[in-house]
Undergrad: 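One structure, pasted below without further comment.
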There are 4 protein chains.
Amino acid sequence: MRTCDPKRGLLILDAAAQLFAKHRYHEVRMDDIAAHAGVAKGTLYRYYKDKEELYLALTIHGLQGLYEEAHGQIAGPGDPDQKLRDFIERIVRYYEQYPYFLELIQRIESSGSSTSLAALQDVRAQWFELVTDLIKQLADADLCSAEHPDLAALALVGIIRGILRFTPQPWPDHLAEWIYDLFMHGHARGEQNLSHVGNGAIAQSARGK
Amino acid sequence: MRTCDPKRGLLILDAAAQLFAKHRYHEVRMDDIAAHAGVAKGTLYRYYKDKEELYLALTIHGLQGLYEEAHGQIAGPGDPDQKLRDFIERIVRYYEQYPYFLELIQRIESSGSSTSLAALQDVRAQWFELVTDLIKQLADADLCSAEHPDLAALALVGIIRGILRFTPQPWPDHLAEWIYDLFMHGHARGEQNLSHVGNGAIAQSARGK
Amino acid sequence: MRTCDPKRGLLILDAAAQLFAKHRYHEVRMDDIAAHAGVAKGTLYRYYKDKEELYLALTIHGLQGLYEEAHGQIAGPGDPDQKLRDFIERIVRYYEQYPYFLELIQRIESSGSSTSLAALQDVRAQWFELVTDLIKQLADADLCSAEHPDLAALALVGIIRGILRFTPQPWPDHLAEWIYDLFMHGHARGEQNLSHVGNGAIAQSARGK
Amino acid sequence: MRTCDPKRGLLILDAAAQLFAKHRYHEVRMDDIAAHAGVAKGTLYRYYKDKEELYLALTIHGLQGLYEEAHGQIAGPGDPDQKLRDFIERIVRYYEQYPYFLELIQRIESSGSSTSLAALQDVRAQWFELVTDLIKQLADADLCSAEHPDLAALALVGIIRGILRFTPQPWPDHLAEWIYDLFMHGHARGEQNLSHVGNGAIAQSARGK
DNA sequence: AATGAATGAGCTTTCATTCAT
DNA sequence: TATGAATGAAAGCTCATTCAT
C-alpha cells in the first residue's frame with residue numbers, strides 16, 4: 001500500500017505489535033488495532049492491504065530493525081570474538097525493549113500467498129546470513145570450528161530464543177555473557193565460566209527470586 | 001471430553017495434528033479436521049468441547065508422548081552422559097517421525113481461559129523438570145556445571161528446536177551427536193568434534209565412545 | 001454450491017427475486033434476502049457462493065422457466081402463426097405472474113468473472129434461438145419475411161418488453177393480440193387490427209383509467 | 001449541484017458515462033470516476049451531491065441531449081412520415097456515437113429518494129410525449145392508426161432498444177430504415193421491404209420513396 | 001476551489017457451534 | 001451415537017462521504 005504518512009504507518013505497526021504479542025493472530029481484531037492506534041479502521045487498510053499483510057509487515061519491521069542494528073557492527077572490522085559478545089548482548093537488549101518481538105518471531109509460518117511473504121523470506125535469509133557470517137569470521141580467526149557455520153547459527157539463535165522466551169523479565173545482568181559462554185565453550189566445562197554469574201542476578205531470578 | 005471411543009479420539013487428534021502443523025490455528029477449520037479424520041463435524045464436539053480444547057489436547061498429547069518415551073530411561077539408573085546422548089537422539093527421532101510436533105510445540109501460548117490450559121502447563125512443567133533433572137544428574141556426576149541447570153535445560157531445548165525447525169529434512173547423520181557436542185563442549189573447540197558430521201561416524205572413538 | 005434441499009434453494013431464489021425486482025443490486029442486502037426467505041444469512045451461502053451468484057442464479061432460473069414453458073410448444077408441430085400468438089400470450093402471462101422478472105431480464109450485464117456467467121449466456125442464447133426459430137417457421141410457411149429472423153426476434157422481444165415495462169398492471173385483455181398485430185402487420189395499417197381492442201380494457205388503461 | 005465550472009461538470013459526467021456503461025452502479029466507485037475524469041474525488045462532490053445524483057444527472061443529460069436533437073425537427077412543420085424516418089435514424093446514430101447511453105437508459109429504476117429523481121421523470125415524460133406526438137402527427141395525416149399512440153410509442157422505442165442493444169456494432173446499413181419498415185408495415189409483409197437491408201438501398205423506390 | 005487522506009457505517013462473508021434427524 | 005444442514009455472532013473489508021490543508 002502506498003504509505004502516505006510514514007509516521008502513521010509505524011503508529012499502526014506499533015499498536016499491532018503490542019496486540020499480536022499478547023494474543024494469537026485470530027484473537028486480534030482489526031477494530032482493536034485501530035482503536036489501539038487511535039485511527040479509524042479504514043485507515044489500517046490504507047496502509048496495509050489486509051490483516052495478513054499488516055502482520056507480515058510487523059514481523060518484517062521487527063527483523064529489519066534488529067538486522068540493521070547489528071549489521072553495521074558485524075560487517076565492519078574488529079575482533080570477531082568481541083563482535084559475537086556484542087551481538088548477543090544486542091539481541092538480549094532488543095528483546096528487553098521489544099519483548100513482543102520474541103513472540104512474533106516464532107510465529108513466522110508458511111502462511112498464505114501474500115506477495116510480501118517473499119519480502120519476509122528475504123529479511124529472514126538476510127538475518128541468518130548475518131549470523132552465519134559472524135560465525136565464519138570467528139572460524140577464520142581460528143576461534144571456532146569452520147564446519148557447519150549455518151547449524152551453529154541456528155543453534156545460537158535457538159539458545160537465545162529458548163532462554164529469553166521462558167525466562168521472565170527483568171533478566172539478570174550477564175545473561176548475554178552466560179549465553180556466549182555456553183555457545184562457545186559448552187555446558188560441560190561451564191563451571192569456571194559461570195563463576196562471575198553465579199554471584200550476580202542470574203542465580204537469584206533463576207532460583208525463583 | 002467424554003471420550004467414548006478412544007480410538008476415534010486419537011484418529012481426530014492425528015488428523016488435527018497434520019493440519020495444525022501445516023497451517024496456523026485460524027487457518028484450520030473444524031470442517032477440515034472432520035473431513036481429514038473421516039468423521040462428521042458434529043462428532044468432533046463429542047470428543048472435544050471446542051476448537052481450543054482440541055488444539056490443547058493435541059499439544060498435550062504430543063508433549064506427553066515425548067515425555068513418556070524419555071521418562072523411563074532418564075529416571076532409571078545409568079550413565080548420565082549416555083542418557084543425555086540418548087535423550088537428544090530420541091527427540092530428533094521423534095521430530096523426524098512427527099515433524100508437525102515441532103511446529104505445534106512453539107505455538108503454546110497464553111491462549112484463552114480453557115480449563116485444560118492448566119493441564120498443558122502441567123505437562124510442560126513436567127517436561128522441563130525432566131530435562132533439568134537430567135542435567136542435574138550430569139552435574140552430580142561432575143560432568144558439567146552445577147549452576148543453573150534450568151537455564152541449561154532451556155538452552156538445550158532451544159538448540160534442538162532452532163536447528164530442527166530450520167534445517168530441511170533429511171537431516172545429516174549424527175545430527176543428534178553434533179547437538180550433544182555443541183551443548184557440552186561449545187562451538188569454540190568444535191572443530192575436531194564436528195569433523196564426522198555428514199561424513200559418517202568417524203570421530204566417535206576420538207571422544208572415547 | 002451443492003444444493004442440499006432444492007425446495008429451500010427455490011425459496012431463497014423467490015425471496016431474492018422479489019427484492020431484486022423492487023430494488024437495485026446494491027440496495028438489496030443479504031440480510032434482507034435471508035429475512036425474506038425465513039432462513040439464516042449463513043444458509044444463503046450454503047446454496048449460493050456469493051451475492052453475485054445468487055443474482056445470476058435468479059436470472060437464469062427466470063429465463064429457464066420461461067424457456068421451458070415455451071419450448072415444448074414451439075418445437076412441436078402446429079400452425080406457426082398460432083404458435084406466435086400463443087408465445088406472445090405466454091410471455092405476457094408470465095410477466096403478469098412474475099412481474100419482477102421483467103426488471104431482472106434487463107439487468108443482464110457484463111458482470112464479473114463468475115463461472116455461472118457462462119451458464120447465463122447459454123440460457124440467453126438458447127432463449128433467442130427459440131424465438132428466432134419460431135420466426136423461421138413463420139417464414140417457411142410463407143407467413144413472413146425470411147430475411148433477418150434474428151433481428152425480427154430482437155424486435156419482437158423489444159416490443160413486448162417496452163410495452164409491458166412501462167404499462168402499469170393490470171394489463172388490458174388482448175394486449176398480447178395487439179402486440180401480435182403490431183409485430184406482424186405494423187402500425188401503419190393498425191386501425192382495423194386494433195378495432196377489437198379499442199373497445200376493451202386497453203384503451204381505458206392507456207388513457208389513464 | 002452548484003456547478004462552478006460547467007466544463008468540468010461535463011468532464012465528470014463524461015467519465016462517469018463511460019464507466020456506468022460498462023459496469024453496474026455498485027461496481028463503479030467514486031474513486032474510479034474521479035481518476036477517469038482526472039480530478040480529485042472531493043471535486044465530484046462540488047458538482048454533484050452524491051453518487052446517486054451524479055448518476056441521475058448523467059441519465060438526464062443523455063435523455064436531454066437526445067430530446068433536444070429531435071425536438072426541433074419533430075415539433076416543426078414537415079412530412080410526418082419523413083419525420084419518423086429521420087427520428088429513428090437519429091436515435092440509431094446517437095446510439096452509434098454514445099453506445100453507453102443505451103446501457104444507461106435501461107437502468108432507470110425506482111431508485112432512492114433523491115430530489116433530482118423528479119427531474120428525471122420529467123425528462124422521460126417529455127421524451128415519450130415527443131414520440132407520442134410524432135405518432136399522432138402520423139395519425140392526423142392518416143398514415144397510421146389513431147388508436148393508442150402511447151402504446152405505439154412504447155413499441156417503437158422497444159424495437160429500437162431491443163435491436164440496438166443486442167446487435168453488435170457495426171450495425172448493418174439501413175438498419176434505421178428496416179426498423180421503420182417493421183414498425184410501420186410489420187414483419188408479415190416484410191419480405192420485399194427487407195430485401196435491401198445489408199444489400200444496399202435497393203427497395204427504396206418500391207415503397208415510393 | 002481543489003485535493004485526497006481519513007473516516008466509520010454498513011456491507012459481505014466466514015465458520016465455530018448447535019441440534020433435529 | 002453420529003451426522004451435517006442450519007445457524008448467527010462476529011469478523012474482515014469497502015467505499016461514499018467529509019474536511020483539514
Side-chain angles (χ1 to χ4, degrees), chain A residues 1-5 8-9 12 25-35 37-54, chain B residues 2 4-5 8 25-35 38-55, chain C residues 1-5 8-9 12 26-35 37-54, chain D residues 2-5 8 25-35 38-55:
Chain A
M1 287 280 107
R2 60 251 123 125
T3 308
C4 313
D5 179 355
R8 187 162 293 211
I12 291 170
Y25 184 89
H26 71 281
E27 289 170 340
V28 176
R29 282 163 299 158
M30 292 303 264
D31 287 273
D32 297 337
I33 298 175
V39 301
K41 200 179 357 174
T43 304
L44 301 185
Y45 290 90
R46 280 203 142 290
Y47 287 79
Y48 306 97
K49 194 177 109 266
D50 54 20
K51 193 182 179 181
E52 184 67 23
E53 193 156 286
L54 169 53
Chain B
R2 54 259 119 157
C4 312
D5 178 353
R8 185 164 294 208
Y25 183 89
H26 70 280
E27 289 171 338
V28 175
R29 279 163 302 162
M30 294 300 266
D31 289 83
D32 297 334
I33 298 174
V39 301
K41 200 173 7 169
T43 305
L44 301 184
Y45 289 87
R46 295 218 139 271
Y47 290 79
Y48 307 96
K49 192 177 113 261
D50 55 21
K51 191 183 180 182
E52 185 66 23
E53 191 157 288
L54 170 52
Y55 178 76
Chain C
M1 290 280 106
R2 60 253 122 127
T3 308
C4 313
D5 178 356
R8 186 163 294 210
I12 291 170
H26 70 282
E27 291 170 339
V28 176
R29 281 162 301 159
M30 293 302 264
D31 288 273
D32 297 335
I33 298 175
V39 302
K41 205 180 348 179
T43 304
L44 300 185
Y45 290 88
R46 280 205 141 291
Y47 288 80
Y48 306 97
K49 193 177 110 268
D50 55 19
K51 193 182 180 183
E52 184 66 23
E53 194 157 285
L54 169 53
Chain D
R2 55 256 117 155
T3 311
C4 312
D5 178 355
R8 187 166 290 209
Y25 184 87
H26 70 281
E27 290 171 339
V28 175
R29 280 163 299 162
M30 293 300 264
D31 288 83
D32 298 333
I33 298 174
V39 300
K41 200 172 10 168
T43 305
L44 301 184
Y45 290 87
R46 294 219 138 270
Y47 290 79
Y48 305 96
K49 191 176 112 262
D50 55 22
K51 191 182 181 183
E52 185 67 24
E53 190 158 289
L54 169 52
Y55 178 76

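Protein chains get the first letters and strands the later ones, always in sequence-line order, with residue 1 at the start of each.
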Undergrad: Using heavy-atom distances to pick each residue's nearest nucleotide on DNA chain E, tell me which of Val39(D) and His26(C) is more 5'.
TA: Val39(D)

Undergrad: In chain order, what residues pass the side-chain hydrogen bond (donor to acceptor under 3.5 Å, both in side chains) check against Lys51(C), with sequence neighbours excluded?
TA: none

Undergrad: Between atom NZ in Lys51(C) and atom P in dC11(E), what is the gap in whole Å?
TA: 9 Å

Undergrad: I want to confirm an ordering. Mapping Gly42(C) and Arg29(D) to their closest nucleotides on DNA chain F, which one lands closer to the 5' end?
TA: Gly42(C)

Undergrad: Would you kindly check whether a donor in the side chain of Arg46(D) faces an acceptor in the base of dA1(E), or vice versa, at under 3.5 angstrom?
TA: no

Undergrad: Using whole Å, report how far CD1 of Ile33(D) lies from C1' of dT17(F).
TA: 13 Å

Undergrad: Glu52(A) has an atom CD; how far is it from atom P of dG12(F), in whole Å?
TA: 12 Å

Undergrad: Check whether any side-chain nitrogen or oxygen of Thr43(B) sits under 4.0 Å from OP1 or OP2 of dA2(F), and answer yes or no.
TA: no

Undergrad: If a pair means Watson-Crick or G-U wobble with both distances below 3.5 Å, what does DNA chain F look like in dot-bracket form, with | marking bases paired to a different strand?
TA: .||||||||||||||||||||

Undergrad: Can you find a donor-acceptor pair, distance only, under 3.5 Å between Lys41(B) side chain and dT17(E) base?
TA: yes

Undergrad: Reading DNA chain E from 5' onward, which residue's closest nucleotide shows up sooner: Val28(B) or Met30(C)?
TA: Met30(C)

Undergrad: Whole-Å distance between dT17(E) P and Lys49(B) NZ?
TA: 8 Å

Undergrad: For the pair made of CG in Asp31(B) and C1' in dG4(F), what is the distance, rounded to whole Å?
TA: 9 Å

Undergrad: What nucleotide, of dG8(F), dC13(F), dA2(F), holds the atom closest to the side chain of Ala40(C)?
TA: dG8(F)

Undergrad: Does dA2(F) have OP1 or OP2 under 4.0 Å away from a side-chain N or O of Tyr45(B)?
TA: no

Undergrad: Indicate the ring-plane relationship of Tyr25(B) and His26(A), choosing parallel, tilted or perpendicular according to the 30° and 60° boundaries.
TA: parallel

Undergrad: Given dA6(E), is OP1 or OP2 found less than 4.0 Å from the side-chain N or O atoms of Arg8(A)?
TA: yes

